[in-house]
Colleague: 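Can you keep this structure in mind? I'll have questions shortly.
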Amino acid sequence: MTPLSDRAVVPLVSAPTDDDALRARLAALARGEEAELSALYAEFGDLVFRTARRLTGNREDAEDVTQEVFVKLALAVAGFTGDFTQFPAWLRRIAVRASLMRLRTGRRRREMDTEDVAALVSASDAVLDRLSIEAALQRLSVEHRTVFLLKEVEGYDHREIAELVGISVANSEVRLHRARRHLRELLGGSR
């Protein structure tokens, strides 16, 4: 038997986990401590922005959606009842809904990003390929593009898409099928 003095000391209280830190941040935000909003933005802002960017197709719209999501997060966090490991998925759903609302209300911007223009001018074949896919996606109807991006890029299943968009599961499946078919046509059937 190992002498007591040689045994490792095990603390009675475990060190805080990421879940504990997130739980504390969300509780503080719910109490009105707005400083926690900056910490949450630093950790999850990119996730919200990328989701909004894919759905809106425009950097400025994605920035607006991201700002809107985080401005309203202080109120919305009270409605979060899931496990803290599910917080990123919950936040992504809020970003999807805010992006869809922006698309529905017609407040989106139509101008092309300067980054896209610069990339187009000095692009390699891989970038040109990506730009042609993005251009083809922009030519899809909002309904088809939304379902395509939610399924193929964000990884939602048809049940989740139906709930997010407010359509039936069958309608989600049909929209995905039509989006894929139209993309193949737009890209010359090579994909």
Side-chain angles (χ1 to χ4, degrees), residues 41 43-70 72-73 76 82 85-191:
Y41 180 81
E43 188 171 348
F44 298 106
D46 194 48
L47 169 80
V48 172
F49 175 80
R50 283 192 326 266
T51 301
R53 174 81 161 102
R54 285 186 193 117
L55 290 171
T56 63
N58 183 289
R59 173 178 281 289
E60 289 81 10
D61 284 334
E63 289 170 351
D64 290 348
V65 167
T66 302
Q67 181 178 0
E68 181 181 324
V69 166
F70 280 95
K72 294 180 179 177
L73 188 59
T85 60
Q86 298 170 341
F87 181 76
W90 178 78
L91 192 57
R92 184 181 288 128
R93 281 193 301 274
I94 291 174
V96 166
R97 288 185 181 122
S99 298
L100 293 175
M101 187 58 70
R102 184 166 197 87
L103 292 172
R104 280 189 202 120
T105 61
R107 291 184 302 158
R108 62 188 303 227
R109 300 175 186 174
R110 290 275 181 202
E111 60 271 359
M112 186 176 217
D113 290 330
T114 55
E115 289 175 10
D116 292 342
V117 174
L120 186 59
V121 171
S122 63
S124 67
D125 288 341
V127 173
L128 285 173
D129 218 25
R130 182 170 178 233
L131 287 174
S132 64
I133 291 169
E134 287 182 13
L137 280 170
Q138 291 305 311
R139 292 184 60 196
L140 294 177
S141 70
V142 171
E143 294 82 11
H144 292 160
R145 181 176 60 245
T146 299
V147 170
F148 180 84
L149 291 171
L150 289 174
K151 177 73 171 140
E152 301 298 337
V153 177
E154 295 296 328
Y156 288 103
D157 64 33
H158 285 292
R159 182 189 51 75
E160 293 169 318
I161 294 168
E163 182 181 317
L164 282 169
V165 179
I167 58 176
S168 69
V169 171
N171 194 325
S172 176
E173 292 168 349
V174 167
R175 287 182 185 186
L176 179 63
H177 172 74
R178 289 179 179 162
R180 287 177 177 160
R181 186 180 67 216
H182 195 188
L183 279 174
R184 279 193 297 273
E185 291 169 3
L186 290 170
L187 296 169
S190 63
R191 304 207 192 287

Colleague: Applying side-chain contact (heavy atoms from CB on, under 4.5 Å), run through Thr66 and Phe44 and close with a yes or a no.
Modeller: CA-CA 10 Å; Thr66 302; Phe44 298 106; over 6 Å; no

Colleague: Just jot down the side-chain contact (heavy atoms from CB on, under 4.5 Å) partners of Glu143, sequence neighbours excluded, or say none.
Modeller: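 Expected list: Ser141, Arg175.
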
Colleague: Which residues satisfy the side-chain contact (heavy atoms from CB on, under 4.5 Å) test with Gln67, sequence neighbours excluded?
Modeller: Val71

Colleague: With a 3.5 Å cut-off and sequence neighbours excluded, list the donor-acceptor pairs that the side chains of residues 146-155 form with protein atoms.
Modeller:
unit_1, atom_1, unit_2, atom_2, d
Thr146, OG1, Val142, O, 2.7
Glu152, OE2, Arg180, NE, 3.3
Glu152, OE2, Arg180, NH2, 2.1
Glu154, OE1, Arg92, NE, 3.1
Glu154, OE2, Arg54, NH1, 2.6

Colleague: For Thr51, check side-chain hydrogen bond (donor to acceptor under 3.5 Å, both in side chains) against everything at least two apart and list the hits.
Modeller: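 So Thr51 forms no side-chain hydrogen bond (donor to acceptor under 3.5 Å, both in side chains) with any residue.
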
Colleague: According to side-chain contact (heavy atoms from CB on, under 4.5 Å), who are the partners of Glu163, at least two apart in sequence or on a separate chain?
Modeller: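 So Glu163 forms a side-chain contact (heavy atoms from CB on, under 4.5 Å) with Arg97, Arg159.
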
Colleague: Identify, with sequence neighbours excluded, every residue that meets side-chain hydrogen bond (donor to acceptor under 3.5 Å, both in side chains) alongside Asp46.
Modeller: Arg50

Colleague: In sequence, state the C-alpha distance, the side-chain angles, and the governing distance for Leu176 and His158, and then conclude on side-chain contact (heavy atoms from CB on, under 4.5 Å).
Modeller: CA-CA 9 Å; Leu176 179 63; His158 285 292; 3.6 Å; yes

Colleague: Using the test ring-ring contact (aromatic ring centres under 6.0 Å, His included), find all partners of Tyr156 that sit at least two apart in sequence or belong to another chain.
Modeller: none

Colleague: Could you tell me whether the side chain of Phe70 reaches within less than 4.5 Å of the side chain of Val65, counting heavy atoms only?
Modeller: no

Colleague: Sequence neighbours left out, what passes side-chain contact (heavy atoms from CB on, under 4.5 Å) with Arg139? Give chain and number order.
Modeller: Leu186

Colleague: Got more than 12 heavy atoms from elsewhere within 6.0 Å of CZ, Phe49?
Modeller: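 Yes, CZ of Phe49 has more than 12 neighbouring heavy atoms, counting only those of other groups under 6.0 Å.
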
